[in-house]
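What follows is a set of notes on a single structure, which appears directly below.
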2 protein chains.
Amino acid sequence: MSEPLPFGTIAILGPGLLGGSLAMAVRAAMPEAAIRLWARRETTLQQASGMGLADTACTDPAEAACGADLVVLATPIGAFRDLAEQIAPALSPGTIVTDVGSVKNYVHRTTGAYLHEQGCTFIGSHPMAGSEKQGLEAAYPDLFRSASIVLTNDHNAPQSTVDRLKQFWELLGGKCYLMESRHHDRTVARISHMPHVLAALCAYSATKGDVRMQDLQRLAATGFRDTTRVCSGSPSMWTDILWENDCAIREILHTCLEDLKELIRLLEIQDKDQLHAWLQQARDNRETIIGGQ
Amino acid sequence: MSEPLPFGTIAILGPGLLGGSLAMAVRAAMPEAAIRLWARRETTLQQASGMGLADTACTDPAEAACGADLVVLATPIGAFRDLAEQIAPALSPGTIVTDVGSVKNYVHRTTGAYLHEQGCTFIGSHPMAGSEKQGLEAAYPDLFRSASIVLTNDHNAPQSTVDRLKQFWELLGGKCYLMESRHHDRTVARISHMPHVLAALCAYSATKGDVRMQDLQRLAATGFRDTTRVCSGSPSMWTDILWENDCAIREILHTCLEDLKELIRLLEIQDKDQLHAWLQQARDNRETIIGGQ
């Protein structure tokens, strides 16, 4: 006899890369679950329905959320609060609302706080999975397999409710970690948002000074390609992320600035031993972070 | 009837990742060519010989270079000058000496100038190919396939000599571009060395501030992994590269510093439009550089 599903009806608002992959993953791992999809545009819903991802598809978020045991906000974070206002009256008492946004404190302060005031249950989720690609076209069912999923419960939902959400993500192959939202934001500022900024900085600065674009094109190899890969991600999405995790990002970018100044200083004073130690520390950090997974 | 080989006997000094891959590539593309290998350590030579990469293997560089039509310096750049002094007396009048170093002006100013004074021919080569891995174990015969190879002829070898070297690299699958060494160094400072520094900066700064290593490990995903990949490269090799391309690197790192300050300022003054434009510019630059290949 199989375990009962943590959620029988799941509403996914925004079937882009994450939302679309989530629908695919739910179909694969929980074929009995009903999926209700909301998208702003009718064409997206038609596309998703054509892929067999929706039992119900509608352009009214309240209608999509109605009767769902779990509602997943999967639009850009900036749209969450407005969606929350639209769906709140339609939610059943036991419904859990979660999201897949990259920033958690901002979401708790805005959307989470609003839903909490309305007597609804909100727990944040951040699946550490994604791609520089966007949209339903880039979605795939294994996106969450082996991914770390951070759960944030700043509004103190009961443990049994957190456990249900945890079980849901685990059925999709994720590994869940509960964190306070501010701590999550400081951690992802370092491990995800700062890498994005430095990748972008690399591409932004590369063309400056006395150098020809044609030569950059000819000499670009895998080093440039990999180091800058993530900055192919949507500038709009990343503007939002930097915006919404502003404090934690500025803190780590100021650290970066000082560390880069120190490296330049070592080159200027020609301290080869310290330069080596700096590069060795960077490599050791990377091995510890990646190797400890 | 096949073309005559540009070089019948090729000496490779230092069979590491690049030198070892070069030996493999020569074996595959020019099976008639004789390969003479030099390594500092006997065990490396035994390993290379066991892999069928050497017709002659010796721990005396002059002996390895003797009778070669082409000598390739494939050790770290810091060892070039010393090797050049040892091999110069053993070189035949028509022998071409080249290298595979990542920095070219420093090599011309030191090793190239010395060989030129001795009446020997030196043309620099920089294959834009490599890996964060090192050593003969990481070598593979296709390393140069489709790679850009920069040739630097600061000491004005005759065109026919440059053409022979070009033909050699093309037979291994490379695409050759002739550049003045200073221009090469400024270009690779932007497209290869600065990406390395920023990848290292990302890993160096990530662990700073109020954050737990365990959380960084749990949340690190492909973004961090890819952005920092190149900084797994040998700190010793990269200390040398930064050292030897010092002027061009400091110039572009100062640009990076200003560009990063500007990004932080945009976050501080909350100019979302300019922040978006900054990220858009980074993405556009990357697409132009990668897309133009």
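Letters A, B, ... mirror the listed sequences (proteins, then strands); counts begin at 1.
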Side chain, backbone, both or neither: which part of B:S192 has a non-hydrogen atom closer than 4.5 Å to chain A?
-> neither

Say you draw a straight line from OG of B:S236 to CD of A:Q280; how long is it, rounded to the nearest 0.5 Å?
-> 7.5 Å

Counting heavy atoms not belonging to B:R182, are there more than 12 under 6.0 Å from its CZ?
-> no

Please flag which part of A:D284 lies under 4.5 Å from any non-hydrogen atom of chain B: side chain, backbone, both or neither.
-> neither

On a heavy-atom basis, the closest approach of B:P195 and A:G223 is CB-O, 4.5 Å

Between CD1 on residue B:I290 and OG1 on residue A:T228, distance to nearest 0.5 Å = 5.0 Å

Proximity of residues 263-277 of chain B to chain A, residues having a non-hydrogen atom under 4.5 angstrom = B:L263, B:I264, B:L267, B:E268, B:Q270, B:D271, B:K272, B:L275, B:H276

CG (B:N285) and NZ (A:K208) are apart, to the nearest 0.5 Å, by 9.5 Å

A:R250 atom CZ, over 12 foreign heavy atoms within 6.0 Å = yes

What's the spacing between B:R283 CZ and A:C231 SG if we round to 0.5 Å?
-> 9.0 Å

Could you tell me which of B:D259, B:T222, B:L253 has the largest number of non-hydrogen atom pairs under 4.5 Å with chain A?
-> B:D259

Indicate yes or no: at least one non-hydrogen side-chain atom of B:T288 is less than 4.5 angstrom from one of A:Q217.
-> yes

Between B:L260 and A:Y204, is any pair of side-chain heavy atoms under 4.5 Å apart?
-> no

When B:I191, B:L242, B:L279 are compared by non-hydrogen pairs under 4.5 Å with chain A, the top option = B:I191

Between B:T227 and A:R229, does any side-chain donor sit less than 3.5 Å from a side-chain acceptor?
-> no

Look up atom NE2 in A:H126 and atom CG in B:L219, then write down how far apart they are to the nearest 0.5 Å.
-> 8.0 Å

Heavy-atom closest pair (A:A200 atom, B:A282 atom, distance to 0.1 Å) is O-CB, 3.3 Å

Do the non-hydrogen side-chain atoms of A:R225 and B:R286 ever get within less than 4.5 Å of each other?
-> yes

Ion pair B:D215/A:R186, N-O distance below 4.0 Å | no

Grab the two heavy atoms, one from B:R190 and one from A:A206, that are nearest each other, plus how far apart they are.
-> CD-O, 3.0 Å

Under 4.5 Å, counting heavy-atom pairs only, tell me which of B:Q281, B:R212, B:E258 racks up the most with chain A.
-> B:R212

Do A:D210 and B:H183 touch side chain to side chain, with heavy atoms closer than 4.5 Å?
-> no

Residues from residues 141-153 of chain A approaching chain B under 4.5 Å (heavy atoms) = A:S148, A:V150

Max heavy-atom pairs within cutoff under 4.5 Å with chain B, candidates A:E251, A:M179, A:Q214, goes to A:M179

Might you point out which heavy atoms bring B:C256 and A:L201 nearest each other, and give the distance in Å?
-> O-CD1, 3.6 Å

Which one, B:V230, B:I252, B:D240, B:L198, leads in non-hydrogen pairs under 4.5 Å with chain A?
-> B:L198

When you look at CZ of A:R40, are more than 12 heavy atoms from neighbouring residues, nucleotides or ligands closer to it than 6.0 Å?
-> no

Got A:S205 and B:M194 here, is their nearest side-chain heavy-atom distance under 4.5 Å?
-> yes

Highest number of heavy-atom pairs under 4.5 Å with chain B among A:T255, A:L257, A:I249 belongs to A:L257

